[in-house]
Amino acid sequence: MDILQIIASRRAIRRYSQFKVEPEKLYQVLEAARWAPSWKNSQCARVVIVEDTEIKKRIAEALKGNRSYDGALEAPVILVICAEKGLSGYSGSSPVTDKAEWFMFDTGVYAQNLMLAAHQLGLGTVIIGYFDSNLVAREICLPQDYAAVALLLLGYPAEQPRSTPRKPLEATVFLNRFGEPYPL
Ligand SMILES: Cc1cc2nc3c(=O)[nH]c(=O)nc-3n(C[C@H](O)[C@H](O)[C@H](O)COP(=O)(O)O)c2cc1C
């Protein structure tokens with residue numbers, strides 16, 4: 001598959017088979033994430049690979065009411081995407097843009113690299129933003145100067161979700177001024 005096909009055919013996977021993720025495939029997806037761009041190449045992203053059944057069960061409790069709750073119980077691996085705070089978007093100890101922290105952006109790019117590489121290898125993922133991050137931080141013993149940003153479930157898909165719609169380009173792409181159509 002070429003890169004555009006990989007991007008367009010990736011789907012959020014919320015049901016997982018019990019097949020384990022081979023260590024060499026896990027290594028490859030982590031390696032893809034490692035090459036993600038970041039603010040001033042400051043590389044604030046960290047990932048905690050959770051494979052321990054008891055810790056996974058307790059992390060799933062942080063997902064009560066989430067569409068991915070069942071998937072979190074099934075997936076062989078839960079990746080906790082974390083960020084070192086006060087680094088991305090900063091020059092020294094001061095934020096330098098009107099958006100202060102940029103770690104959500106850096107970890108988003110990091111996660112997307114990981115998800116696309118996983119999809120190419122036949123693995124499924126879903127990124128989860130709606131969870132109790134304090135509970136997760138406690139479970140993984142996260143230091144105070146880090147944020148638990150997102151969870152990624154990783155494993156072999158037990159479903160083939162239908163394609164999800166996207167807005168047409170003309171609704172989101174403009175020429176020179178916001179709202180002015182770009183002739184596509
Ligand atoms: C920042 C972010 C947070 C998300 N949080 C959740 C979540 O908490 N639970 C969930 O099931 N899916 C979550 N998703 C997955 C989206 O629902 C999914 O990507 C979207 O519906 C499009 O579907 P697709 O990825 O299959 O194309 C999240 C996606 C993003 C980018």
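Because only heavy atoms are used, hydrogens play no part in the values below, and waters and symmetry mates are left out as well, while side chains stay in. Since this is a predicted model, take the numbers as computed values, not measurements. Remember, it's 1-based here, ligands and their atoms both numbered in the order they're listed.
Nearest-residue assignment for atom 3 (C) of ligand 1 (options Ser68, Gly129, Gly71; heavy-atom criterion): Gly129. By heavy-atom distance, the residue among Arg67, Arg14, Arg10 lying nearest atom 16 (C) of ligand 1 is Arg14. One option in Ile127, Leu153, Thr125 has a heavy atom closer to atom 30 (C) of ligand 1 than any other, and that option is Ile127.
The shortest side-chain heavy-atom distance between Val80 and Val50 falls under the 4.5 Å cut-off. Proximity of Leu154 to Leu26: side-chain heavy atoms (C-beta onward) are separated by under 4.5 Å at one or more points. Contact check for Met115 versus His119: no side-chain heavy atoms found under the 4.5 Å cut-off. Residues Ile81 and Ile127 have side chains not in contact (no heavy-atom distance under 4.5 Å, counting atoms from C-beta outward).
Distance screen at 4.0 Å: atom 20 (C) of ligand 1 has no protein heavy-atom neighbour inside the cut-off. The protein does not reach atom 1 (C) of ligand 1 closely, with no heavy atom under 4.0 angstrom from it.
Ala12 N, 2.7 Å is the protein heavy atom nearest to atom 26 (O) of ligand 1. Counting only heavy atoms of the protein, atom 27 (O) of ligand 1 lies nearest to Thr164 OG1, 2.7 Å.
Counting atoms of ligand 1 from 1 in the listed order, those under 4.0 Å from a heavy atom of Arg11 are 24 (P), 26 (O), 27 (O). Numbered from 1 in the order shown, with element, the atoms of ligand 1 that lie under 4.0 Å from a heavy atom of Tyr130 read 8 (O). Ligand 1 places these atoms under 4.0 Å from at least one heavy atom of Asn66: 7 (C), 8 (O), 9 (N), 10 (C), 11 (O).
Considering backbone and side-chain N/O of Val126, none are found under 3.5 Å from N/O of ligand 1.
Contact check on Arg46 versus Glu84 returns a salt bridge, with a Lys/Arg side-chain nitrogen under 4.0 Å from an Asp/Glu carboxylate oxygen. A salt bridge links Arg15 to Glu74: at least one charged side-chain nitrogen sits closer than 4.0 Å to a carboxylate oxygen. Using a 4.0 Å cut-off between charged side-chain N and carboxylate O, Glu31 and Arg34 make a salt bridge.
For Tyr146, the OH atom sits in a packed shell: over 12 heavy atoms of surrounding residues, nucleotides or ligands are nearer than 6.0 Å.
The closest approach between a heavy atom of Arg166 and any atom of ligand 1 is below 4.0 Å.
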